[in-house]
Every structure is written in structure tokens, then in C-alpha cells.
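Contents: one structure, followed by commentary.
Atoms within a ligand are numbered from 1 in the order they appear, just like the ligands themselves.
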Amino acid sequence: MPMPKTALVLIAAAVSGIAAADVSESDRPHRHAAAAHAQAEASDALASLRLEHDPFAQVYIVMSRSSHAHMPDLVRGASPKIDRQGNRLVLAEVRAHQLSRITERIHQREHRCGGYFAFSTRAEAEAFLRSAPTRPPQARKSPAIMVEYSIDSQAMVSPWLDQVQHANIHGTISHLQSYQNRYYASSYGRDAALWIQSTWMGLAAGRSDVTSELFACASCSTQPSVILTIRGNELSNEVVVLGGHLDSINASGGGSTGQRAPGADDDASGIATLTEVLRIAMASGWKPKRTVKFMGYAAEEVGLRGSNAIAQAYKRSNVNVVAALQMDMTNYKSGSGPDMRLVTDFSDPHMQRFLTDLFDVYLAPRGFTRGTDTCGYACSDHASWTAAGYPSGFFFEAGTASGNGFPSIHTSNDTLANMGNTAQNSAKFAQLGLAFLGEAAKTSTVEAPKRTPLR
Ligand code: BES
Ligand code: ZN
């Protein structure tokens with residue numbers, strides 16, 4: 001969640017003459033989230049399973065010294081640490097079942113989410129501190145294989161945009177919020193993933209160039225990520241990803257398998273937006289030049305686990321992802337502010353430019369407005385792609401956490417009823433998704449979509 005606190009810290013630093021970066025960094029270990037996720041994934045699968053299933057398992061956490069000051073009763077054996085960026089951190093021990101209380105405490109005292117990293121061994125935590133990147137992930141070099149992003153497919157994309165129906169998006173959100181929760185470790189969370197797979201495959205209507213898979217991950221419990229692939233006709237080894245997370249969480253219980261977590265905005269809205277994009281692309285008979293992958297990520301709410309597992313696996317096998325768009329929270333609109341905000345950290349500068357251009361060409365003429373924001377940490381799955389060295393970008397809904405953001409996030413109140421019982425706000429994200437799809441994956445000249453001739 002974007003943190004207003006960060007801005008205040010930066011101002012204070014400038015006034016007192018202390019290097020702003022040092023102060024802000026020391027206040028948020030989040031900077032290293034991407035590296036932490038990579039490390040967590042690399043850790044022994046057995047260790048992560050132990051961490052999930054044994055509530056009394058010893059867990060080692062790394063957090064800022066200011067966060068640590070709020071929880072002397074929860075953590076033991078704290079030792080002060082300074083990472084390679086000079087951040088003042090604490091390494092401490094807790095029992096696995098206390099992690100939820102720590103998250104809750106950070107929420108209460110610091111009015112933000114996340115904010116610590118958990119490891120199943122002290123050695124992993126120490127390694128994380130030693131290996132923290134010396135530059136923030138968004139400053140990493142873009143991957144070697146880049147494509148030139150261009151916007152030249154208006155003839156195909158513009159008619160798509162008119163076909164977006166918010167009632168369809170509403171229908172999908174409505175179904176997804178009807179599960180008790182979509183928590184990664186609950187049976188509902190698995191059921192929801194399977195429903196998404198069959199819904200997406202239903203839209204593909206038996207096309208031989210469309211396939212789907214369930215992507216399991218060692219720390220994702222029984223919840224798989226869902227991947228639908230449309231094979232590219234000309235540049236099939238260049239991959240365009242459109243994704244959102246399919247899980248939900250009720251943070252008041254720190255996440256549990258039985259609690260009500262409808263997650264209508266976070267992130268049924270993203271999955272429903274992607275579903276409408278897929279429906280329209282499939283209905284038009286479109287064949288892409290590049291391979292397209294629609295992804296519903298598992299276990300985002302417990303540390304971007306599903307997306308990180310996929311991005312790391314792709315990196316290991318040299319899959320060439322040329323662009324990844326994240327859809328997370330698309331349906332809330334506060335009274336004021338722009339329709340969409342581009343998240344400018346943990347994402348690729350070329351993608352930011354491309355997304356901004358897409359907005360200006362396709363959405364601005366429809367009267368929509370855009371702004372920018374930062375999360376300050378790896379707040380959603382776009383960061384998993386960035387951490388693996390792939391270009392990714394993320395536009396999210398109007399609100400920010402500074403007062404006019406979606407107030408019901410991670411609660412039993414994250415429902416359509418609390419978003420005006422409409423999915424109209426998600427409709428513009430579906431239009432952005434269609435513009436991204438058409439322009440990043442391009443129409444194939446091998447097999448062009450059939451068009452009804454004009455009379
Ligand atoms: N959808 C949120 C992130 C978000 C919130 C993005 C508000 C933009 C605006 C996401 O599902 C989430 O809750 N992320 C976690 C971090 C994650 C690594 C567990 C968070 O922000 O606490
Ligand atoms: Zn969330």
C-alpha cells in the first residue's frame with residue numbers, strides 16, 4: 001500500500017540535512033522485498049512447508065528498528081543489523097503463529113501493511129542481509145532482450161474498447177467474492193483457482209492455440225497459479241504477460257483458512273478485468289504475433305509467492321518475457337483524484353512510458369485522467385517480474401493510502417456492495433488491458449483475425 005509516511009520522512013530528512021535516502025531506507029526494509037522473495041523461493045521447500053504447517057516453528061524476521069520498537073512482547077533475541085545499504089535493521093526470532101500479530105501491530109502502529117521479511121533459518125536471514133542489492137530493484141538494468149514498444153494497432157484495438165461490458169466484470173467479481181475466502185491455504189482458495197481456469201478456458205472455446213496449466217509452488221500450499229497461454233503465431237518465444245492475484249486475505253486474523261475474505265477489490269477486480277479482456281480478444285478471433293499469457297497468481301497476500309515462483313522459473317529457463325502488466329485493485333474510486341495511478345517503483349521505466357502512452361492514446365480521449373504513485377516496497381506481483389529482471393508495470397485504482405484509498409482492503413467488507421455495487425471503474429482497466437494486449441502482442445500477419453467487410 002502506498003505510504004504517506006514515506007513522504008513525511010523524506011521532508012524531515014531534507015530539513016535536517018541527513019541523506020534522505022538513508023533515512024527513508026532505514027525506515028523501510030521493504031526495498032529488499034524482491035530479493036527476499038527470491039531468497040525465500042530458493043530456500044529448501046521442506047523448510048517453507050514446515051513454516052506453514054507448524055505454528056510453533058521458529059521463524060527469523062528482519063524488520064526496521066522502528067517497527068521492532070513496537071513489538072518488544074512479540075519478538076525474542078533481537079540483534080541490531082546494518083545491511084549493505086546502511087539500513088538500520090533488526091534480526092529477531094518469533095514463532096510462526098506470531099507473524100500475523102506482527103503484521104497487525106505494524107498496521108495499527110505504523111498504518112501500513114507488510115514491513116518485515118520472514119525466513120525459516122537464521123542463516124537465510126543473515127544471507128538476505130548480506131545480499132541486499134546495492135541499488136533498488138527499479139534501477140536494475142533492463143533485460144538484455146527488449147522489444148521496441150510501439151502503438152500502431154488502433155484499427156484493431158479501438159473497436160475492442162467499445163465492447164467492454166462492466167456487467168460482465170461485475171458478474172465475475174460477484175462470483176469470486178462468494179467464496180468464503182480465497183486464502184492460499186484454504187480449500188476455497190484452491191476451488192477459486194480451478195474456477196478461474198475453467199472460466200478462462202471456456203472463453204477460448206476450443207481453440208487449438210490456447211492451452212492452460214496450473215502452476216504449483218512449494219510455499220503456495222494447495223493453491224495453484226493459473227496460466228492461460230495463447231501461442232504466438234510469429235514470435236512465439238516472446239511472451240506478453242497480463243496478470244493479477246487470485247488469492248485474498250483477511251488481515252485482522254493475520255490470514256486464516258476459515259475467515260471471511262471476499263477480496264472483491266483486492267483482487268477479484270483484477271481477475272475479473274483480465275477475464276473481460278480475454279473474452280473480447282477471443283470473441284474477435286484475434287491471433288497474436290507474440291505468445292500471450294494470462295496469469296492468476298496464487299498466494300500474493302502472503303508475499304508474492306505464486307508470481308515469484310513463476311518469474312524465477314521463467315528466469316531459470318530463459319523464457320523471454322517482453323512485458324508484464326499487473327492488475328491489482330481496479331474497482332474502487334474515491335471522490336477525487338485521477339482515474340488511475342501508475343506505480344512508478346519496482347517497475348520498468350520503458351514499461352512505465354509504454355503504459356503512459358497507451359493511456360494517452362486510448363483512454364485520455366475517453367475523458368479519463370492519470371496520475372502516479374509509489375508503493376515504497378514490493379506491494380504486488382509486478383515486483384516479482386522486476387526482481388527476475390523482466391519489464392513490468394502496474395496501474396492501479398484512483399485511491400491512495402493517504403486518506404482516500406479503499407478503506408475495506410483485507411477485511412470482510414471488501415465487497416461489491418462497498419464499491420457502489422458496480423464494476424464501472426474496472427471497465428477502464430479492461431480497456432487499458434486490451435490496449436496493452438493489442439499493442440504489446442500485436443496482430444499476427446500469418447493469420448489475421450476475420451473481419452466482416454464494411455458495406
Ligand atoms: N493489492 C495490494 C497492494 C496494493 C494496495 C497496491 C493498495 C496498491 C494500492 C496487495 O494485495 C497487498 O496487499 N500487498 C501486500 C504486500 C505483499 C507483499 C504481502 C501489502 O501491501 O501489504
Ligand atoms: Zn492485498
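- Within ligand 1, counting atoms from 1 as listed, the ones closer than 4.0 Å to a heavy atom of Gly303 are 19 (C).
- For a threshold of 3.5 Å applied to N or O pairs, the pair formed by His245 and ligand 1 contains at least one separation below that value.
- The shortest side-chain heavy-atom distance between Glu126 and Tyr60 does not fall under the 4.5 Å cut-off.
- At least one heavy atom of Asp328 lies less than 4.0 angstrom from ligand 1.
- Proximity of a side-chain donor or acceptor of Gln180 to a complementary backbone N or O of Gly258 within less than 3.5 Å is detected.
- Using a 4.0 Å cut-off between heavy atoms, Glu301 contacts ligand 1 through both its backbone and its side chain.
- Of the possible donor and acceptor atoms, one in the side chain of Ser269 sits under 3.5 Å from a partner among the backbone N and O of Thr330.
- The nearest N, O or S atom of Asp328 is not closer to the Zn ion (ligand 2) than 2.8 Å.
- Note on Asp266: its N/O/S atom closest to the Zn ion (ligand 2) is OD2.
- Near Phe396, the atoms of ligand 1 lying under 4.0 angstrom from a non-hydrogen atom of the residue are 8 (C), 9 (C).
- Taking a 4.0 Å cut-off on heavy atoms, Glu397 fails to register as neighbouring ligand 1.
- Here Phe406 has no heavy atoms under 4.0 Å from ligand 1, in either its backbone or its side chain.
- In this structure, Ser380 does not count as a contact residue of ligand 1, since none of its heavy atoms falls inside 4.0 Å of the ligand.
- Phe395 and Phe359 have their aromatic ring centers within a separation under 6.0 angstrom.
- A donor-acceptor pair under 3.5 Å is absent between the side-chain atoms of Asp345 and the main chain of Thr374, judged by distance alone.
- Put simply, the side chain of Ser408 never gets that close to the backbone of Thr411: no donor and acceptor are under 3.5 Å apart.
- His410 contributes NE2 as its N, O or S atom closest to the Zn ion (ligand 2).
- The atoms of ligand 1 that sit less than 4.0 Å from any heavy atom of Leu304 are 18 (C).
- Gln223 contributes a side-chain N or O that, together with a main-chain N or O of Arg182, makes up a donor-acceptor pair within less than 3.5 Å.
- Here the side chains of Arg95 and Arg76 are in contact, with some heavy-atom distance below 4.5 Å.
- For His245, every N, O or S atom stays at 2.8 Å or more from the Zn ion (ligand 2).
- Listed by number with element, the atoms of ligand 1 under 4.0 Å from a non-hydrogen atom of Ala378 are 18 (C).
- The shortest non-hydrogen separation linking Gly296 to Ile271 is CA-CD1, 3.9 Å.
- Of the listed options Arg341, His410, Glu300, Glu300 places a heavy atom closest to atom 11 (O) of ligand 1.
- Residues Phe436 and Val240 have side chains in contact (heavy-atom distance under 4.5 Å, counting atoms from C-beta outward).
- Backbone and side-chain nitrogen or oxygen atoms of Cys379 are examined, and one is located within less than 3.5 angstrom of a nitrogen or oxygen of ligand 1.
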